[in-house]
Amino acid sequence: ENVTLARLYFNKAVGREDYGKTSNTEEEKIERYGQAYDNYKKAFLLMRKLFGPEHATVKRYRDKLAEPTYAWLADDREEDVDSLQYNPTS
């Protein structure tokens, strides 16, 4: 559990998001954005665990999850990312 792992999650999320933008079907787009959300969430939760909620990078990662697409996914999954804890196995 370190910063490098959190950045890897974030970078993987960016890649999934890019694939989502170029997806041909709505199903594929939702799947890719869902994968991006999962990785953005892992990056946020790990960074928050390492540095606390007031760290600038943690805030930036949280802002990404507040974007409409990801806020919708969180709502659809009935998740409140601010109440979640980092779990390396999920």
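No hydrogens, no waters, no symmetry mates; every other heavy atom, side chains included, goes into these values.
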Residue from Met47, Lys41, Lys42 passing side chain to side chain contact (heavy atoms under 4.5 Å, CB included) with Tyr9: Lys42
Ionic contact status for Asp38 with Lys12, cut-off 4.0 Å: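 No.
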4.5 Å side-chain heavy-atom contact, Leu73 and Tyr33: yes
Flag if over 12 foreign heavy atoms under 6.0 Å of OH, Tyr86: yes
Heavy atoms from other residues, nucleotides or ligands near CZ of Arg77 exceed 12 (cutoff 6.0 Å):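 Count over threshold, so yes.
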Ala66 to Ala71 - nearest heavy-atom pair and separation: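 For Ala66 versus Ala71, the nearest heavy atoms are O-CB, 3.9 Å.
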Heavy-atom pair of closest approach, residues Ala43 and Ala6: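 In terms of heavy atoms, the two residues are closest at CB-O, 3.4 Å.
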Heavy-atom donor-acceptor pair, Arg48 side chain to Glu54 backbone, under 3.5 Å: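 Not a single qualifying donor-acceptor pair exists.
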Hphob cluster co-occupancy, Leu8 + Leu45, side-chain heavy atoms under 4.5 angstrom: no
Shared hydrophobic cluster, Leu65 / Trp72 (ILVMFWY, side-chain heavy atoms < 4.5 Å): yes
Side chain to side chain contact (heavy atoms under 4.5 Å, CB included) between Phe44 and Lys64, intermediate numbers included: CA-CA 9 Å; Phe44 163 69; Lys64 189 67 181 172; over 6 Å; no
[atom1] of [X] to [atom2] of [Y]: how many Å apart, nearest 0.5 Å?
X: Lys29; Y: Ser23; atom1: NZ; atom2: OG; answer: 7.0 Å
X: Asn11; Y: Arg16; atom1: CG; atom2: CZ; answer: 13.0 Å
X: Leu46; Y: Gln85; atom1: CG; atom2: CD; answer: 12.0 Å
X: Asn39; Y: Phe10; atom1: CG; atom2: CZ; answer: 10.5 Å

Aromatic contact, Tyr40 with Tyr61 (centres under 6.0 Å):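 Aromatic pair excluded; centres sit 6.0 Å or further apart.
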Val81 and Arg62: CA distance, side-chain angles, deciding distance, side chain to side chain contact (heavy atoms under 4.5 Å, CB included) verdict: CA-CA 9 Å; Val81 295; Arg62 179 64 184 93; 3.5 Å; yes
Steps toward side chain to side chain contact (heavy atoms under 4.5 Å, CB included) verdict (Glu79, Leu84): CA-CA 8 Å; Glu79 290 183 344; Leu84 297 175; 4.3 Å; yes
Exercise: do Glu67 and Tyr37 side chains pair donor with acceptor under 3.5 Å: no
